[in-house]
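Structure, as C-alpha cells:
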Amino acid sequence: MADKAILEYQGKRYELPVVKGTEDELAIDIKSLRANTGLITLDPGYKNTGSCSSSITFLDGEKGVLRYRGYSIEELTVKAEFLEVAYLLIFGELPNKDQLQRFHGDIKQESHVDEEMKKILDGFPKSAHPMGVLSSLTSALIAFNPSSVDVRSEEAMYNTIVRILAKFPVLVAWAMRKRQGLPLDYGDDNLGYVENLHKMMFKRPNKEYQLNKIVIDALDQLLILHADHEQNCSTSTVRITGSSHAGLFVSLSAGISALWGPLHGGANQAVLEMLEAIHEDGGDTDKYMAKAKDKDDPFRLMGFGHRVYKNFDPRARIIKKAADEVLNDLGITDPILDIAKGLEKVALEDPYFVERKLYPNVDFYSGIIYRALGIPVEMFTVMFAMGRLPGWIAQWREMRLNKEPIGRPRQLYIGANDRPFVPLKKR
Ligand code: ACO
C-alpha cells in the first residue's frame, strides 16, 4: 500500500487506501466507500475509474507507451508473429518453440466451422455490414459448441479459447466472401495463422492463390498493433458481459458490437470514407478542418483524438511508417494518402487540435494500409476485431481466473419522484 487519501464529508473523516500498480500508477481504492459513507462516485465515461487490476497491457497515454505483458509494441511488431503475441497476451509469457507448435496444432484441430452455420449466413442480405454478420455468427457458434459455455476448469477454458481462435478467421473470411458473392471456403492447415486468414479471404475460385510476403507481414503487424489496448470500450464490454458467466463466445460477440461504433473501431472505416469524401470534394483539407472546429457542425476529424493518448498514439507512429513502406513495396500511389498527410500536417500545427491534444490515432493510417492490401472498406473494422481477438480473450480469461464479481455500476438517479399513476383518459 502506498498511502491513504482522506475524504471529509459532513464533518467526518474517512481514510481511503491508495494502491500502487507495478508501473507506479496510483489509485484510490473505494471498495468500501458506499458501505462506510453512503456515497457513490459519479464518473460518466469512466474517465477516472479503474474497473479492475490487470497484468496484461500497460499504456501510458502521456508518454505514448504501449506494452503487452511488459514487451513494447515497437519490439513485438518487428520481432514476433501474431500467434506468438496472442499466446503472450492470453497466457502471460512468450511461448517457446514447442508451446507455439502445440498451440497452433490445437488451433488447427478446430479450424472447421459446422456447415449448418452457412445457413445462418445465408439468411443475411448481401448488403449486411460484416460487423453485424460477424457478431451474429460468433454468438451462433455457441449453439454448435455448447460445451464452450462451461468453462469452470482451466482445461475447458483452454479448449474454448483454441476453438474460437480457430473458427474466428473462418467467420471473418465468410463475412467478406458473402458480400462479394464468393464461395465459402475453409482454410489450409499447412499455412501459418495469418497466411491462412489471408488465403481464406482472398482465394478466388479457378485461380491459384499467390502468397505475397510483404502483404502477410503487413497484415501480421496490423493484427499485433490491434491485439490489446487495456480497458477500452469493447474490452470492457467483453469483461462485463463475461462477468455474468455468459460464456466466451457471446462475450466476444458483445465486444464486436461495441467495437463497431465510429467512435471506437468503426473509426477506421469512417476515416477512409472521410478521406474519400474530401478527395471527391476537390481535396480542400482546410474546409474540413474548419468543419471539425465548428461547434455547430457535428463533423469530427475521424482518426484524431484518443481517450488516453494525449501526446501521440505509439501505434499510429508504427503504422504510419508501415503505410509508407507497404505502399512503396507494392508500388501503389494513393491520392488518399496525400490528403491524409495534408490533414495531419495542418492538424498538428492548428491551435484547436494542439490545445486539445488531438493527434492522429491508429485508425488514421490503418485504413490506408488495408486499402493497399485490397481489403474492402466495410471490412476494416472486422480486421480490427480479428486483431483484438486475443486481447479480448486474455481479458476475459483474466477476469474469470480472478473470480471478479459481476459488473454492475451504480447511478445517480435524477428522474421524477414518486407520483400517482394518471389513467389514459386523463392524460
Ligand atoms: N475532431 C474535432 N474535435 C475533436 C475531435 C475530433 N476528432 N476529438 C475530440 N475533439 C474535441 C471535442 O469536441 C472536445 O472539444 P471541447 O473541449 O471544445 O468540447 C475536445 O476535443 C475533447 O474531446 P472529447 O470527446 O471530450 O474526448 P474523449 O476522450 O471523450 O473522446 C474520442 C475521444 C472519442 C476518440 C474523440 O477524440 C473522437 O471522437 N475522435 C474521432 C473518432 C476516432 O478517431 N475514434 C477512434 C479512437 S481510437 C480507437 O478506438 C482505436
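Both counts, for ligands and for their atoms, begin at 1 and track the order of listing.
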*asked:* Under 3.5 Å between any N/O of Val362 and any N/O of ligand 1: does that happen in this structure?
replied: no
*Determine, using heavy atoms of His229 and all atoms of ligand 1, whether some pair is separated by less than 4.0 Å.*
no
_Strictly inside 4.0 angstrom of atom 31 (O) of ligand 1, do you find any protein heavy atom?_
no
*Side chains of Leu134 and Phe168: does their closest heavy-atom pair fall under 4.5 Å?*
yes
*asked:* Test your reading of the structure: does Gly303 have an N or O sitting under 3.5 Å from an N or O of ligand 1?
replied: yes
*Geometric N/O contact Leu263 with ligand 1, under 3.5 angstrom*: yes
*Do Phe304 and Phe364 have their ring centres less than 6.0 Å from each other?*
yes
*List every atom of ligand 1 that sits less than 4.0 Å from any heavy atom of Tyr352, numbering the atoms from 1 in the order shown and giving each element.*
2 (C), 3 (N), 4 (C), 11 (C), 13 (O)
_Which of the ligand 1 atoms, numbered from 1, are nearer than 4.0 Å to a heavy atom of Gly305_ = 35 (C), 37 (O)
*Run the numbers for me: atoms of ligand 1, each under 4.0 Å from some heavy atom of Asp363, listed by number.*
46 (C), 48 (S), 49 (C), 51 (C)
*Do Val215 and Leu330 have side chains that get closer than 4.5 Å, going by heavy atoms?*
yes
*Can we call the ring centroids of Phe384 and His229 under 6.0 Å apart?*
no
*Report yes or no: does a heavy atom of Lys293 sit under 4.0 Å from some atom of ligand 1?*
no
*Taking the six-membered ring of Tyr352, is the NZ or CZ of Arg356 close enough (under 6.0 Å from the centre) and on axis enough (within 45°)?*
yes
_I'd like the name of whichever of Met274, Arg300, Arg307 reaches closest to atom 25 (O) of ligand 1 through any heavy atom._
Arg300
*Any heavy atom of Phe384 sitting closer than 4.0 Å to ligand 1?*
yes
*Per-atom contacts, ligand 1 versus Ala292 - under 4.0 Å to a heavy atom*: 2 (C)
